[in-house]
Structures are given as C-alpha cells and as structure tokens.
Amino acid sequence: MRVLFVIDKIELKYFEFNKLVTNFWLIKELLDRKCEVFITTVPLLSLKADIAYTKCFEAYVKDENIFYSQQKQELQINDFDLVMFRPDPPVDIDYINATYVFDFVEKPRVINSPKAIRDFNEKLHSVYFKDLMSENIVTASLGEIEAFLALHKQIVLKPLNRCFGSGVMFLYEGDPNTRTIINTMTNNETTLVMVQKFLPGVKYGDKRVLTLGDKVLKYCIKKLPTNDDFKFNTHNDNYIVKAELSDEEFDNFSDVAKKLNSMGLPMAGLDVIDGKILEINVTSPCYFINEINRLYSVSLEKDITDFLLTHALLSL
C-alpha cells in the first residue's frame, strides 16, 4: 500500500514522532505495517495539463521515531492507493486551490474528500444539524448581532475559517466594547461570522466526539478551558480528561456520522457542550490518540489504520 499524507507546513518543518499530532501516530502505524508513506504540503502540489502531481518525501522509521528522506521526488498523485488530505486551517484561497488540484485525482481514496471539505464550512455547515445545536445565526449585520445579544444576554462570535479557538470572542449584554467587538469581528459588517448562544456548561469543558465512517467512537475526551480563557486553547494533559457519551448523545451523533460519511467526510471531530454541537471539525480533526490511549488503555491508531486500509482497498 502506497500512502500520501498532505500535512501542514509546520509539521513538515518539525517532522518527528510528536504524540500530540494525529498524523504522526497514523504515519508511524502505517510504516510499522510496511506501507510506503510519503509526505507533502499544499505548496508542493501541482497540475501539468490535467494530471495532478506532488513533490514529496518518503517517510521511514528508525529507532521507533519517524523521519523523512531529504531527497524530494515528484510523483503523480494517481500513483498512490490512499491520500490523507490533512492540512490545517485557515481555509484560505491557498487551501481552496489545493482542493481544486484533487478534482483531477481519480485512483486513490482521498480522506477526507477535498471537495467535501471545500463544500463544508466547519462552523456554518454544522447548521445541517440545527436540532442538535444551540441557537445561532450567521451574519455580518451589526443590528442582527445586537438583537441576538439582547435576546440571549451572552453570546459567542466565531470567524468561519479558523481553528483551535482562534479569534473566538465572548460577549455579554452591557459590555461597553460591544460595537467595537462586533465591528472588529465582521470587518465593519463585511465579513460573515457564526454567532451562538453562550452555553454556561463551557466552564466544565467541551467534549470531542470522534466519528469514523458511519460510526461514533466509544472513546471520548473532554477539553477543559484554561485558567485565562473561557475555552480550551492549550493542548496538554492538564486540560484533557476522560469523558463519556450518554445513550442519547451516542444515538444523535451516530446519525451525524452517517450523514458526514455520505458526504465524503468519514473522519470528523464534533465539539459538544451539554449535548449540543458547537462545530464539526473536518479539515484535519485531532483524534487525541495519545490521551485516549492513556485514558482508556487502548491503541486507537490501530483501529483508525484498520479503517483507512480497508477503505483504501475497497476503492482499488
């Protein structure tokens, strides 16, 4: 099996087995199974006529660590059996252009589908499941946001194209900076933002619910807010604890998993508070493999790799 990972530029720069990085767990497991694994980044993709290429580096294992050959190779993307498309947001024009390259890729199974990622905004399209979300609007209107704030008293504003809590703002009725915050977030009413009713349960953390194909994984963690913020923004063991899904959550989110999988998004991470979806991560969802392995005494990377290889074979 020949596998290509499209990773973030910072991951290439510091390429080694970092237990916090989902990609590295999967690369290591695939290499241990004797797969050929190559890595690349968005700027190394290209089209020649209607054939998609990438300049890439072959990864290998040595002393239980992962490395990559410094010899750059140019290969057709159709020569791979599986492609893991996992660059991090922001989903800017460079990211979108990378998804276009994959419109010319036919042979390998690509997970998640770049076209599906392009068509699915992690904040906005969560509204597909509006019955499982807190009250929300998507708008650039100062007046609409002020009215939403007057109704709910406490709200959260989110940019539509960032990740890891970047740019997310909390706003309460009577905040003297209300109009300044709204105008800054919307670039003076020119940029759409997601506006959600604030859920007080955030002080106890949000769950990361993981989907794989049509299924919700039984392993679940809770991300705790840091001391200086109302949201999780530091990836370390002090702020990640074991969590459980209720039967109702499991049933509800199983339907979400099936819908996402049918759209070409078999790997996703739902951020959930009090049973309500905040957003759905589909670009490069973190599976918190290190933490789940420690908390549940499992080897989650093996389950994920089983799934990936099975579905790659089915597409051949």
Pair N183-E189, side-chain donor/acceptor within less than 3.5 Å: no
K55 side chain to Q73 side chain, donor-acceptor N/O pair below 3.5 angstrom: no
Exercise: identify the closest heavy-atom pair between [X] and [Y]:
{"X": "T184", "Y": "T180", "answer": "OG1-O, 2.7 Å"}
{"X": "V101", "Y": "S46", "answer": "CG1-O, 3.9 Å"}
{"X": "F307", "Y": "P266", "answer": "CZ-CB, 3.9 Å"}
{"X": "F5", "Y": "V37", "answer": "CD1-CG1, 3.9 Å"}
{"X": "P87", "Y": "F85", "answer": "CD-C, 3.5 Å"}

Verify the cluster assignment for [X] and [Y]: are they in a single hydrophobic cluster under the rule of side-chain heavy atoms below 4.5 Å apart?
{"X": "Y53", "Y": "V42", "answer": "no"}
{"X": "Y100", "Y": "F102", "answer": "yes"}
{"X": "I66", "Y": "I10", "answer": "no"}
{"X": "I273", "Y": "Y172", "answer": "yes"}
{"X": "I51", "Y": "L45", "answer": "no"}

[Y]/[X] salt bridge by N-O under 4.0 Å criterion:
{"X": "K48", "Y": "E74", "result": "yes"}
{"X": "K28", "Y": "E301", "result": "no"}
{"X": "D81", "Y": "K107", "result": "yes"}
{"X": "D255", "Y": "K259", "result": "no"}

Do the ring centers of [X] and [Y] come within less than 6.0 Å of each other?
{"X": "W25", "Y": "F17", "result": "yes"}
{"X": "Y219", "Y": "F288", "result": "no"}
{"X": "F15", "Y": "F67", "result": "no"}
{"X": "F57", "Y": "F38", "result": "no"}

Test item: [X] side-chain N/O and [Y] main-chain N/O as donor-acceptor pair under 3.5 Å:
{"X": "D92", "Y": "D94", "result": "yes"}
{"X": "N281", "Y": "G269", "result": "yes"}
{"X": "S126", "Y": "E122", "result": "yes"}
{"X": "S254", "Y": "V216", "result": "no"}
{"X": "T186", "Y": "I182", "result": "yes"}
{"X": "E29", "Y": "L26", "result": "no"}
{"X": "N136", "Y": "S134", "result": "yes"}
{"X": "T40", "Y": "V6", "result": "no"}

Among L4, I77, I39, which residue satisfies the side-chain contact (heavy atoms from CB on, under 4.5 Å) criterion with C56? L4
Determine, stepwise, if the pair D8 / K13 fulfils salt bridge (charged side-chain N to carboxylate O under 4.0 Å, His left out). CA-CA 9 Å; D8 211 53; K13 182 177 180 179; over 6 Å; no
Salt bridge (charged side-chain N to carboxylate O under 4.0 Å, His left out) between D306 and R33, intermediate numbers included: CA-CA 10 Å; D306 287 342; R33 298 192 191 197; 2.7 Å; yes
Which one of K207, R208, K276 satisfies the side chain to side chain donor-acceptor pair (under 3.5 Å) criterion with D271? R208
Can you check side-chain hydrogen bond (donor to acceptor under 3.5 Å, both in side chains) on R86 and S284, steps first, answer last? CA-CA 5 Å; R86 291 181 57 86; S284 57; 5.1 Å; no
Decide yes or no on side chain to side chain contact (heavy atoms under 4.5 Å, CB included) for C35 and L309, but give the supporting numbers first. CA-CA 10 Å; C35 294; L309 293 181; 4.1 Å; yes
Audit row: E106, N78, side-chain hydrogen bond (donor to acceptor under 3.5 Å, both in side chains) steps and yes/no: CA-CA 6 Å; E106 297 177 352; N78 275 326; 5.2 Å; no
May I have the list of side-chain donor-acceptor pairs in residues 140-150 shorter than 3.5 Å, sequence neighbours left out?
| unit_1 | atom_1 | unit_2 | atom_2 | d |
| --- | --- | --- | --- | --- |
| S141 | OG | G143 | N | 3.3 |
| S141 | OG | E144 | N | 3.1 |
| E144 | OE1 | T139 | OG1 | 2.7 |
| E146 | OE1 | R179 | NH2 | 3.3 |
| E146 | OE2 | R179 | NE | 2.7 |

